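Have a look at the structure below before the remarks.
For clarity, every value in this text was computed on a predicted model and none was experimentally measured. Count residues from 1 along the sequence.
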Amino acid sequence: MSKVILGDFILDTSSNLLFSGDIELGAEPKVLELLAYLYSHRDRYSSLQELHDQVWPGRVVSDTAVRGTIKKLRTLLGDSDIAEPKYIKSLSKRGYKLICDVADFPIAAAESIAPPGTDVDLLHVSGGYTAAPEQPEIHLHRPVRLFALVLLLFVSAAMLWLVLLWQQQTPLFEESPLSGQLIPMPAGEKRGLTVSPDGSHLAFIGRQNQSEPWQIYVMNRRTRDIRILPVASQQPSMLVFDDDQSLLVVDQRVGDSSIYHLQLDKSMQLVREQTVANFPIISHLSPGTNKGDWLINAADKVQGTLKLYQWQTGSKELKLLQARSSAIEHIYQSVYSPSGQWLANAVLVNGVEFRLEIQDVQSKRIRYSGNTVGRIGKLDWFGEESLLALDKRGLVLVEFGLNNQRLLMEHGEGKIADFSITAVKQQLLLLQNEYLSEPVFRELFLTPEVALKRLVNVPPGVRMINYADGEQGYFGVVQTQNNRMLVKFDHTGIRKEVLYSTDQQFELLDHHPKQNALLLHVGQQLLVLNLKNNSLELISSSQSYLDNHATFSLDGNKVYFGQLIAGQWELHQFERATKSSRPLVKGYRSVRETAVGFVGAMDQGGLYLLDQQFRQIKPLGYSINTDFISRWYVKGQQLIWSDFDLASTWLNQLDLISGELKKTNFLFEKMWPRFAINEDGNQILVYSLGSRTTNLHEVDLSVFITKK
């Protein structure tokens, strides 16, 4: 392995080159030799004399020269605070030590690569792999799928209310300015807020209720007159004014996203609509440094990595500006500073870490890098050296010159959905969601036809449930301000017992009633919660990159899970009795056990029948959705799975004997793709999203300036 990850950097140990993302950093050879030596001996302190002897062998150099090289290395790494170093720690009379997080650099494969630090030490390997299965062409009778990492960007924006927000900082506002000016707007949901350059008009995407399509509205800020634009866009997700009389619209259609240019007349009526760019995935659009230049965060294939492109209005050509060397890093939002000197990038790493980076455009040097609390929903510059960012906490001021983040405004009962700063920098416009109805859980019959059985009573804050005690109770995941809890409650939803608590994100993947055990995905770990003796069984290390569809065996004594190793999915088996894991077969990411063998899902979700030795019998001709919010089960001879786009959810039932397929279509808001199924396989629990309306508030930015 010639490349390693050192904190936010990549070191090529074979050539002593240092990279920030895909950008090679310029440095003196001795500075990088010093870094390579500290990396090689990172388990201990290296004395000053040792550095003399090993980094400058055969040469006489002063202590001052060595310390000067260490200072240059710290400057290169942005490690300026010696009292609280991030990379190099010094200790009197002991020397220097590399203290940042270290991980192996993933090895590239055909379309994906292994995550940093993939840990196989816990896998007590016995026996070898079976041969990688053949992959004949499969006709997929389902909508195009989104890659889990990319999907997170879109769904989290549309479903921001699903995440209950936490933050212990005191906001700068003693009273929320949302109690200020309320601008009259049509009822219903709104998003994609933007203001014209002259500040005279604003535009937004809205709909009256969940059953209606999204539409584009333009409002005159002086007269409050509102006009609906009759556009072809089917799933608009974002708007940006190109000039005072034209708009760019991102149409978010899975596998075929587009950017439309809308030309308006002086009365803001639509004159012309034209498609100007196409990508499988588009996550963000923002102005470039010159008139007519645009930044597009997009992926060139459905399961590709989000990269940064430059596009010129009227041109069909795109220029790739930035692409990360790792397929698990996505640049999902980018914004230039007003002068064009700085470029702010919001980055998603490994599906779980969110980071904000600010880069000097000329030198390509990373000026600021800091983790954010979840995904940034909106990012905009507030002056030349600070930004406003909308994350899980609320509205945050990022002062990168001071290396500081400050919470300006918390999400209240009505969460901030979007914001826009007027061109004259005098006003802040905020969209705030107000909930009209709470989300509900519904229990559905699967046979003979899908039909509603009843509504399920659950405690407040529950976002996921599963059957417990033979359908007489439920397991649920509850979010509070500071943590998440796994609770068990009865069918009335009143009596509840806390079984597990953590401050990390986690999901309940499976339940085995006879073993009285629950399978949990906590952060980047798989755990079994054994309710018989109230113990936890660790299945995988925190460094593993895991599939989200792990499951118990039929007898509950084993757990099957997929792990990404060197860019290829491998299926593993964990023996609960011996606490040991072993690899089973390459090419599969998840399986479900049947009475005679297995149903296996490959990298792209293609389904195959397997025998008990995991040898391929035949393809089923269908594919499951491998995204993290989907679910699939095998109950008897029935294979049941969910699929979705951002408008609909499909419930699929395949008879493994006859090959008959039944599909039931729901509005996306009426069925969240994550569902639970009972032991007999004839009933499911589904989550229906609550309805809401969005209010528009106008805030004087001088309030922020005064409070700074």
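Ser553 places no side-chain N or O within donor-acceptor distance of the main-chain N or O of Val559, the cut-off being under 3.5 Å. The closest donor-acceptor contact from the side chain of Asp611 to the backbone of Arg615 lies under 3.5 Å. The closest donor-acceptor contact from the side chain of His572 to the backbone of Gly562 lies at 3.5 Å or more, if one exists at all. Of the possible donor and acceptor atoms, none in the side chain of Arg589 sits under 3.5 Å from a partner among the backbone N and O of Glu570. Counting only distance, with no hydrogens or angles, the side chain of Arg442 and the backbone of Lys670 share a donor-acceptor pair below 3.5 Å. Remark: the backbone N or O of Leu348 is not paired with any side-chain donor or acceptor of His330 at under 3.5 angstrom. Between the side chain of Arg592 and the backbone N or O of Trp632, at least one donor-acceptor pair lies under 3.5 Å.
Between Phe675 and Tyr633, the ring centre distance stays below 6.0 Å. If you look at Phe598 and Tyr608, their ring centroids are not closer than 6.0 Å. Ring centroid separation for the pair Tyr332 and His284 does not come in under the 6.0 Å cut-off.
For the 3.5 Å distance criterion, the side chains of Thr447 and Asn682 fail to qualify, holding no donor opposite an acceptor. Donor-acceptor pairing under 3.5 Å is lacking for the side chains of Thr502 and Arg484. There is no side-chain donor-acceptor pair under 3.5 Å between Trp650 and Asp643. In this model, a donor atom of one side chain and an acceptor atom of the other lie less than 3.5 Å apart for Asn433 and Thr694. At a cut-off of 3.5 Å, with distance as the only test, a side-chain donor of Glu575 or Gln573 sits close to an acceptor on the other residue. Inspection of the Gln637 and Asp655 side chains reveals an N or O donor paired with an N or O acceptor under 3.5 Å. Residues Gln683 and Lys453 bring a donor and an acceptor atom of their side chains to less than 3.5 Å of each other.
Residues Gln604 and Met602 have side chains not in contact (no heavy-atom distance under 4.5 Å, counting atoms from C-beta outward). A heavy-atom distance below 4.5 Å is not found between the side chains of Leu509 and Thr551. The shortest side-chain heavy-atom distance between Leu538 and Leu536 does not fall under the 4.5 Å cut-off. Side-chain contact between Leu656 and Gln638 is absent, with no heavy atoms from C-beta onward closer than 4.5 Å. Two residues are said to be in side-chain contact when any heavy atoms from C-beta on lie closer than 4.5 Å; Val686 and Phe441 fail this criterion. Contact annotation: the side chain of His511 approaches that of Pro513 to within less than 4.5 Å [non-hydrogen atoms, C-beta and beyond]. Two residues are said to be in side-chain contact when any heavy atoms from C-beta on lie closer than 4.5 Å; Asn530 and Asn534 fail this criterion. Counting heavy atoms from C-beta outward, Val456 and Tyr474 have side chains that approach closer than 4.5 Å.
Remark: Asp391 does not engage Arg375 in a salt bridge, criterion side-chain N to carboxylate O under 4.0 Å. For Asp418 and Lys378, the salt-bridge test passes: some basic side-chain N is under 4.0 Å from an acidic carboxylate O. Under 4.0 Å is where a charged nitrogen must lie from a carboxylate oxygen, and between Lys488 and Glu497 no such pair does. Electrostatic pairing of Arg393 and Glu410 does not count as a salt bridge here, judged by no charged N lying under 4.0 Å from a carboxylate O. Taking the charged nitrogens against the carboxylate oxygens, Glu212 and Arg207 have no contact shorter than 4.0 Å, which rules out a salt bridge.
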For this session: Quick one: do Phe644 and Phe668 satisfy side chain to side chain contact (heavy atoms under 4.5 Å, CB included)? Show the steps, please.
Result: CA-CA 7 Å; Phe644 68 97; Phe668 186 79; 3.8 Å; yes

Exercise. Can you check side chain to side chain contact (heavy atoms under 4.5 Å, CB included) on Leu696 and Leu430, steps first, answer last?
Worked result: CA-CA 6 Å; Leu696 177 65; Leu430 293 166; 5.9 Å; no

For this session: Any chance you could lay out the side chain to side chain contact (heavy atoms under 4.5 Å, CB included) test for Asp510 and Leu518, step after step, and finish with the verdict?
Result: CA-CA 6 Å; Asp510 200 6; Leu518 300 169; over 6 Å; no

For this session: Please lay out, stage by stage, how Leu571 and Val591 fare under the test side chain to side chain contact (heavy atoms under 4.5 Å, CB included).
Result: CA-CA 8 Å; Leu571 185 67; Val591 296; 3.2 Å; yes

Problem set entry | Intermediate values then yes/no, side-chain hydrogen bond (donor to acceptor under 3.5 Å, both in side chains), Asn557 and Gln515 | CA-CA 8 Å; Asn557 293 322; Gln515 290 280 351; 2.8 Å; yes

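Closest non-hydrogen pair, Phe204 versus Pro186, comes out as CZ-CD, 4.3 Å. Taking each heavy atom of Leu607 and Ala601 in turn, the nearest pair found is CD2-CB, 4.0 Å. In terms of heavy atoms, Val462 sits closest to Tyr687 at O-CE1, 4.2 Å. Across all non-hydrogen atoms, the minimal contact from Ser237 to Ile205 is C-CD1, 3.5 Å. Across Pro673 and Ser642, no two heavy atoms sit closer than the pair O-OG, 2.7 Å. Scanning all heavy atoms of the two residues, the minimum distance from Gln568 to Gly587 falls at NE2-N, 4.1 Å.
Rounding to the nearest 0.5 Å places CD of Gln208 at 8.0 Å from CD of Gln215. Note: Ser648 OG to Asn665 CG = 4.5 Å, rounded to the nearest 0.5 Å. Between atom NZ of residue Lys663 and atom CG of residue Leu654 there is a gap of 10.5 Å, rounded to the nearest 0.5 Å. Going from atom CG of Leu620 over to atom CG of Leu639 covers 7.0 Å, rounded to the nearest 0.5 Å. Here the straight-line distance linking atom OG1 of Thr649 with atom CZ of Phe666 works out to 8.5 Å at 0.5 Å rounding. Expressed to the nearest 0.5 Å, how far CG of Asn695 lies from OG1 of Thr693 amounts to 6.0 Å.
Judged by the 6.0 Å distance and 45° axis criteria, Arg631 is not positioned over the aromatic ring of Trp641.
Shown are Leu529, Val477, Leu508; of these, the side chain to side chain contact (heavy atoms under 4.5 Å, CB included) with Tyr500 is made only by Leu529.
Within 6.0 Å of NZ on Lys635 lie more than 12 heavy atoms contributed by other residues, nucleotides or ligands.
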